[in-house]
Amino acid sequence: MFEKVLIANRGEIALRVIWACRDLGIKTVAVYSEADRYALHRRFADEDVCIGPAPSSQSYLNIPAIISAAEITGAEAIHPGYGFLSENAHFIEVAESCNLCFVGPSAQTVRMMGDKAQARKVMMEAGVPVLPGSDGPVSDFETAVKVAKKIGMPVIVKASAGGGGRGMRIVRSEDELENAIATAQSEAEIAFGNGEVYIEKYLTNPRHIEVQILGDKFGHAIHLGERECSIQRRHQKIIEEAPSPALTSSQRKTMGDAAVLAAKATNYNNAGTIEFLLDDDGSFYFMEMNTRIQVEHGITELVTGVDLVKWQLMIASGCELTLKQKDIVLQGHAIECRINAEDPQSFRPSPGLIEHFHPPGGPGVRIDSAAYGGYRVPPTYDSMVGKVMVHGGDRQEAVARMRRALSMTVLEGISTSIPLHLKILDDPQFLKGEFSTRFMEDFLNRVSW
Ligand code: MV4
């Protein structure tokens, strides 16, 4: 096992990695920007290094500064958390060339799955269901028309270098196609420096369901069940739950098996997520693979009892994945609400001083947060200040515990999304578990404040 790990991140996920390191007896190195002088991850790490000014381009994305911090402190490995450098294949190569171990999959896997057109191809060849669409990228309009005619309208044009909802264009009739391809290509060129696009059949009312996987360096791979992530706004998830209220146990097994197939097709080692779209008729399709630990990993930990971040560190240090598929038994139901420093009605950011903070507790409640009373949320990074997770014997108990936890959270001085969550938890469609990726749009049209 490693003796010392550098955490190339901030906020609650930096604390989460410190928790796992402490459980394993690993010393930690925090890195921080000038905006994060008073951040909690500094306090709980054994050592810390300032890596630059507030803008993430000069700090949390500053590869030379982070590699130098690892070398100066004698860290052997780097945990990237999520966001920032977590899915940057070049960073992995630089780290490895400096004899630093990256806590995550190989640069090759990250690069392959970062190219969404190529990921589609790899999955199709592996026998993972993918949506009807183009065979790899489409560059000319004639090919695009052929593909569209074959699969039928509506279609969606996606950037190969995109993902997470960036660089997409929905096309509802053939006369929009030429313009959509051209616009998507030029937007992708500007946003990612790569104008490649591909085409898929567009599902109008799907659920977004993702499967957690773990793979090791010896070719073992398992899945840890799914998370229902359909409740999102502008591709930012708001509430997640595990398991999905939409799946039967037989569908869960089929989707889990497909996720393991995807893991094996990419020689996947470490923690990862396979995103699927679930159609009204029960069929599901590979959408993309996330080659990092995700924000919502904690609800999978609650229903499986598996410490995913601990396994990330163990796998990266060369341990064998001794957990077998039969050891993964889902227990009860977990829900996560992301607490953002933002106005609950307008969604405008609300950084500033947290005057009072009292996190909720009690049976079945887990709080992952780097907030404290007297902490000033900087305007520089994303607005998530923490996550409230609950676990119950069933969905109904989990919902009751989430209502209790959110209504007993004291977080004063800034606006937060807590009032929005409490409204969603009273929504009949949410309570029935009957919703799709269109939920938030419809909800915001019917909610009254
Ligand atoms: C789709 C889709 C329907 N059909 N692809 C959104 C995030 C990124 N991972 C891909 N996304 C989607 N891809 C096909 N072929 C629906 C989504 C989608 C979505 C689209 C528009 C508005 C909100 C959405 C929320 C979740 C998923």
Side-chain angles (χ1 to χ4, degrees), residues 82-83 86-87 113-121 123-124 128-138 144 147-148 150-172 176-177 180-181 183-184 187-188 191-192 196-212 226-241 244 246 255 259 262 272-292 294-296 338 347 424 429-430 435-445:
Y82 50 68
S86 61
E87 295 181 282
M113 293 299 109
D115 179 335
K116 308 300 171 184
Q118 198 190 344
R120 233 180 93 80
K121 217 171 195 170
M123 294 308 160
M124 210 175 338
V128 178
V130 301
L131 282 154
S134 59
D135 254 345
V138 281
V147 172
K150 196 168 114 194
I151 66 181
M153 290 294 169
V155 301
I156 186 166
V157 180
K158 295 182 175 180
S160 297
R166 299 174 313 153
M168 311 187 324
R169 268 273 175 307
I170 298 161
V171 181
R172 299 183 186 280
E176 297 169 13
L177 188 59
I181 300 266
T183 316
E187 280 180 5
F192 316 112
E196 236 177 58
V197 299
Y198 64 103
I199 297 175
E200 272 178 5
K201 177 84 186 166
Y202 179 66
L203 301 183
T204 52
N205 200 24
R207 286 186 185 246
H208 176 153
I209 298 178
E210 57 186 33
V211 179
Q212 179 69 53
E226 81 286 4
R227 296 183 287 260
E228 167 67 68
C229 299
S230 298
I231 301 189
Q232 31 181 297
R233 178 183 168 270
R234 300 192 177 169
H235 306 298
Q236 293 295 321
K237 293 165 188 164
I238 295 178
I239 297 186
E240 305 98 346
E241 55 185 300
S244 167
M255 194 181 276
T273 298
I274 318 294
E275 295 186 352
F276 294 104
L277 290 175
L278 177 72
D279 206 353
D280 305 324
D281 67 359
S283 43
F284 65 88
Y285 307 93
F286 170 82
M287 187 163 51
E288 25 190 279
M289 179 168 188
N290 299 322
T291 55
R292 59 171 190 277
Q294 288 187 242
V295 173
E296 58 271 28
R338 297 188 185 194
F347 297 95
I424 296 173
Q429 291 304 113
F430 174 78
F435 49 80
S436 71
T437 50
R438 293 212 298 235
F439 175 84
M440 273 312 283
E441 214 181 292
D442 299 343
F443 169 80
L444 291 172
N445 283 322

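As the structure is a prediction and not an experimental result, all values here were calculated from the model. Note that ligands are numbered from 1 as they come in the structure, with each ligand's atoms numbered from 1 the same way. Here, residue 1 is the first one in the sequence, and each next residue gets the next number.
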Scan the side chains in residues 150-162 for donor-acceptor partners under 3.5 Å anywhere in the protein, sequence neighbours excluded, and list what turns up.
unit_1	atom_1	unit_2	atom_2	d
K158	NZ	E200	OE1	3.1
S160	OG	E196	OE1	3.3

Q429: partners by side-chain contact (heavy atoms from CB on, under 4.5 Å), with sequence neighbours left out: D427, K432, E434, F439, R446
Distance in Å, N290 CG paired with M113 CE, rounded so as to fall on 0.5 Å steps: 11.5 Å
Within residues 272-284 or reaching into it, pairs that qualify as salt bridge (charged side-chain N to carboxylate O under 4.0 Å, His left out) - sequence neighbours excluded: none
Shortest non-hydrogen contact from S244 toward E228: OG-OE1, 2.8 Å
Polar side chain donor-acceptor pair, T273 to Q294, under 3.5 angstrom: yes
Could you list each N/O atom of ligand 1 together with any protein N/O atom closer than 3.5 Å, one pair per line with the distance?
unit_1	atom_1	unit_2	atom_2	d
ligand 1	4 (N)	L203	N	3.0
ligand 1	5 (N)	K158	NZ	2.9
ligand 1	9 (N)	E288	OE2	3.2
ligand 1	13 (N)	K158	NZ	3.0
ligand 1	15 (N)	E200	OE1	2.9
ligand 1	15 (N)	K201	O	2.7

